[in-house]
Amino acid sequence: MEIIIAKNYDEMSKISAGIIACEIRKRHDLVLGLATGDTPIGTYNALVDMHKKDGLDFSKVKSFNLDEYIGLAPLHPNSYNFFMRENLFKHININSENVYVPQGNTDDPEEFCLWYEEQIRKAGGIDLQVLGIGSDGHIAFNEPGSSLASRTRVKALLKQTIEDNSRFFDKIDAVPRFAITMGVGTILEAKKLLLIASGKKKADVVAEFIEGPVTSQITATALQLHSYATVVLDLDAASKLKRTEYYNWVRDNKQLVQKKVGR
Ligand code: PGA
């Protein structure tokens, strides 16, 4: 895992947007996995800026979102579909036919999950998957105890996740109890992973997933099994890490490291 520690949220967002933009410039028809939540908003704003000012071209990019609440229609203001449109899609030139977000109001979630996996396969797999991390260590909605080999499926949400996400809803009872989520196994098949995290409330879980043992109790630890994972943190989220000096040295000596290890 490459660990990049930014000064603050703004720098974290610019660095992660830079990583995404670099992949799009290398491959115009990039298959991009996207995440929702507060954390990636700054990254999406920076990508919108790059589109408007530097002509970053999304016309051939295909996107797959990680998850969606069961029971919310795509136009529901609390749906992740709506979030993506408001925070990214409506500001860039992505083709709506190339946008995939799990359908929360599907009649047959199980069938839908199989179909979603099939669309990822047909697209040739995800090239770069953007991830956040929940305070319980989840990636997408892979709550503690999720199989590290899991595929896209319906998952019951942990009480802690429901409480964390209740800030977006009028009342806690309005937060859906279930979601469709890509599995940990699905995520691990992406060619590259980019996890971003910010703020003091993520500091403990960030230290655990980077420096602790691999466990299904913290599904983000699965990134340790991936051959190309980058983690971009702000100082607060990185504040409980033990090997900060080493991560910073690797980053500051990137050219030397690239020459030696080819990355
Ligand atoms: P957040 O959510 O970015 O709103 O903290 C992250 C997540 O739950 O994956």
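We number each residue from 1, following the sequence as shown.
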(message) With a sphere of 6.0 Å drawn around CG of Asp170, does it hold more than 12 non-hydrogen atoms of other residues, nucleotides or ligands?
(response) no

(request) List the steps, then state whether salt bridge (charged side-chain N to carboxylate O under 4.0 Å, His left out) holds for Lys14 with Glu11. (result) CA-CA 5 Å; Lys14 290 198 172 110; Glu11 194 184 63; over 6 Å; no

(request) Look at the side-chain heavy atoms of Ile, Leu, Val, Met, Phe, Trp and Tyr, link any pair under 4.5 Å apart, and say whether Leu194 and Val206 land in one connected group. (result) no

(request) Would you kindly confirm whether Ile120 and Phe112 end up in one hydrophobic cluster when ILVMFWY residues are joined by side chain heavy atoms under 4.5 Å apart? (result) yes

(request) Indicate, with yes or no, if Ile15 and Ile210 share a hydrophobic cluster defined by side-chain heavy-atom contacts under 4.5 Å among Ile, Leu, Val, Met, Phe, Trp and Tyr. (result) no

(message) For residues Tyr44 and Phe58: do they belong to one hydrophobic cluster (side chain heavy atoms under 4.5 Å, members Ile, Leu, Val, Met, Phe, Trp, Tyr)?
(response) yes

(message) Do Lys52 and His91 have side chains that approach each other closer than 4.5 Å (heavy atoms only, starting at C-beta)?
(response) yes

(message) With a 6.0 Å cut-off (strictly less than), is the heavy-atom count around CZ of Phe178, excluding the residue itself, greater than 12?
(response) no

(message) Ignoring hydrogens and geometry beyond distance, is a side-chain donor-acceptor pair present between Asp108 and Thr106 at under 3.5 Å?
(response) no

(message) Is it true that Arg243 and Asn248 share a donor-acceptor pair across their side chains at a distance under 3.5 Å?
(response) no

(message) For Pro74 versus Ser79, what's the shortest heavy-atom pair and its separation?
(response) O-OG, 3.0 Å

(message) Please check: side-chain N/O of Asn81 versus main-chain N/O of Ala73, any donor-acceptor pairing under 3.5 Å?
(response) no

(request) On the 0 to 90° scale, with breaks at 30° and 60°, tag the Tyr100-Tyr116 ring pair as parallel, tilted or perpendicular. (result) perpendicular

(message) Hydrogens and angles aside, do Asn65 and Thr36 bring a side-chain donor and acceptor to less than 3.5 Å of each other?
(response) no

(request) For Tyr247 and Val231, run side-chain contact (heavy atoms from CB on, under 4.5 Å): C-alpha distance rounded to whole Å, both residues' side-chain angles, the deciding distance at 0.1 Å, then the answer. (result) CA-CA 11 Å; Tyr247 309 136; Val231 180; over 6 Å; no

(request) Supply the atom-to-atom distance Glu208 CD to Gln217 CD, rounded to the nearest 0.5 angstrom. (result) 11.0 Å

(request) Identify whether the distance between the nearest side-chain nitrogen and carboxylate oxygen of Glu23 and Arg27 falls below 4.0 Å. (result) no

(message) Set out, in order, the CA-CA distance, both residues' side-chain angles and the distance that settles side-chain contact (heavy atoms from CB on, under 4.5 Å) for Gln119 and Phe64, then state yes or no.
(response) CA-CA 9 Å; Gln119 300 321 300; Phe64 285 91; 3.8 Å; yes

(message) Apply side-chain contact (heavy atoms from CB on, under 4.5 Å) to residues Trp115 and Gln103 and explain how you reach the verdict.
(response) CA-CA 11 Å; Trp115 179 86; Gln103 194 188 330; over 6 Å; no

(request) Give the minimum heavy-atom separation between Ile41 and Tyr9, together with the two atoms involved. (result) N-OH, 3.7 Å

(message) Measuring from atom OG1 of Thr152 to atom CD of Glu110, what distance do you get when rounded to the nearest 0.5 angstrom?
(response) 12.5 Å

(message) I'd like to check Gln224 versus Met1 (side-chain heavy atoms, cut-off strictly below 4.5 Å). Are they in contact?
(response) yes

(message) Can you see whether Arg153 engages Ser146 through a side-chain donor-acceptor pair at a distance of less than 3.5 angstrom?
(response) yes

(message) As an exercise, state the distance from CD1 of Ile187 to CG of Leu66, rounded to the nearest 0.5 Å.
(response) 5.0 Å

(message) Is it the case that over 12 heavy atoms from other parts of the model lie below 6.0 angstrom from the CG atom of Asp107?
(response) no

(request) Report yes or no: is the cationic atom of Lys155 (NZ for Lys, CZ for Arg) closer than 6.0 Å to the six-membered ring centre of Phe141, at no more than 45° off its axis? (result) no

(message) Using side-chain contact (heavy atoms from CB on, under 4.5 Å), reason through Ile4 and Thr230 one step at a time and then give a plain yes or no.
(response) CA-CA 8 Å; Ile4 300 173; Thr230 305; 3.9 Å; yes

(message) Can you confirm whether Leu47 sits close enough to Ile92 that some side-chain heavy atom of one is under 4.5 Å from a side-chain heavy atom of the other?
(response) no

(request) Could you pull out the closest heavy-atom pair between Asp29 and Asp127, with the gap in Å? (result) O-OD2, 4.5 Å

(message) Is the shortest side-chain heavy-atom distance between Asp236 and Met12 below 4.5 Å?
(response) no

(request) Consider only side-chain N and O atoms of Thr43 and Ser16, and report whether a donor and an acceptor are under 3.5 Å apart. (result) yes

(message) Test of understanding: clusters of I, L, V, M, F, W, Y form through side-chain heavy atoms closer than 4.5 Å, transitively. Do Val31 and Val99 belong to the same one?
(response) no

(message) Does this structure show an ion pair linking Arg121 with Glu118, if we count only N-O contacts that are shorter than 4.0 Å?
(response) yes

(request) Establish, yes or no, whether a centroid distance under 6.0 Å links the rings of Tyr69 and Phe169. (result) yes

(message) Within the structure provided, determine whether Ser239 and Lys200 are in side-chain contact (heavy-atom separation under 4.5 Å).
(response) yes

(message) As a quick check of understanding, evaluate salt bridge (charged side-chain N to carboxylate O under 4.0 Å, His left out) for Asp38 and Arg167, giving each step before the final call.
(response) CA-CA 11 Å; Asp38 278 336; Arg167 68 191 191 277; 2.7 Å; yes

(request) Keeping the roles fixed (side chain from Lys62, backbone from Leu32), state whether a donor-acceptor pair exists under 3.5 Å. (result) no

(message) If I compare all heavy atoms of Ala238 with all of Leu233, which pair ends up nearest, and what's the gap?
(response) CB-CD1, 3.9 Å

(request) Starting at CD of Glu143, measure out to OG1 of Thr219 and round the result to the nearest 0.5 Å. (result) 7.5 Å

(request) Quick one: pull up CG in Asn93 and NE2 in His51 and give me the separation to the nearest 0.5 Å. (result) 4.5 Å

(request) Supply the atom-to-atom distance Met182 CE to Leu131 CG, rounded to the nearest 0.5 angstrom. (result) 9.0 Å

(message) Given 3.5 Å as the limit, does a donor-acceptor pair link the side chain of Asp234 with the main chain of Gly199, or not?
(response) yes

(request) Quick one: closest heavy-atom pair of Ala207 and Leu241, and the distance? (result) CA-CD2, 3.8 Å

(message) Quick one: does any side-chain atom of Asp54 pair with a main-chain N or O of Leu56 as donor and acceptor, under 3.5 Å?
(response) no

(request) Using a 4.5 Å cut-off on heavy atoms from C-beta on, say whether the side chain of His138 contacts that of Thr161. (result) yes

(request) Heavy atoms only: give me the nearest Ser63-Leu34 pair and the separation to one decimal. (result) CB-CD1, 3.6 Å

(request) May I ask you to test the Pro40-Ile196 pair for a side-chain heavy-atom distance under 4.5 Å? (result) yes

(message) Below 30° counts as parallel, above 60° as perpendicular, anything between as tilted: where do the rings of Tyr80 and Phe83 land?
(response) perpendicular

(request) Kindly indicate whether the side chain of Val101, heavy atoms from C-beta on, has any atom under 4.5 Å from the side chain of Asp67. (result) no

(request) Step through it carefully: locate the ring centre of Tyr246, locate the ring centre of Trp249, and say whether they are under 6.0 Å apart. (result) no

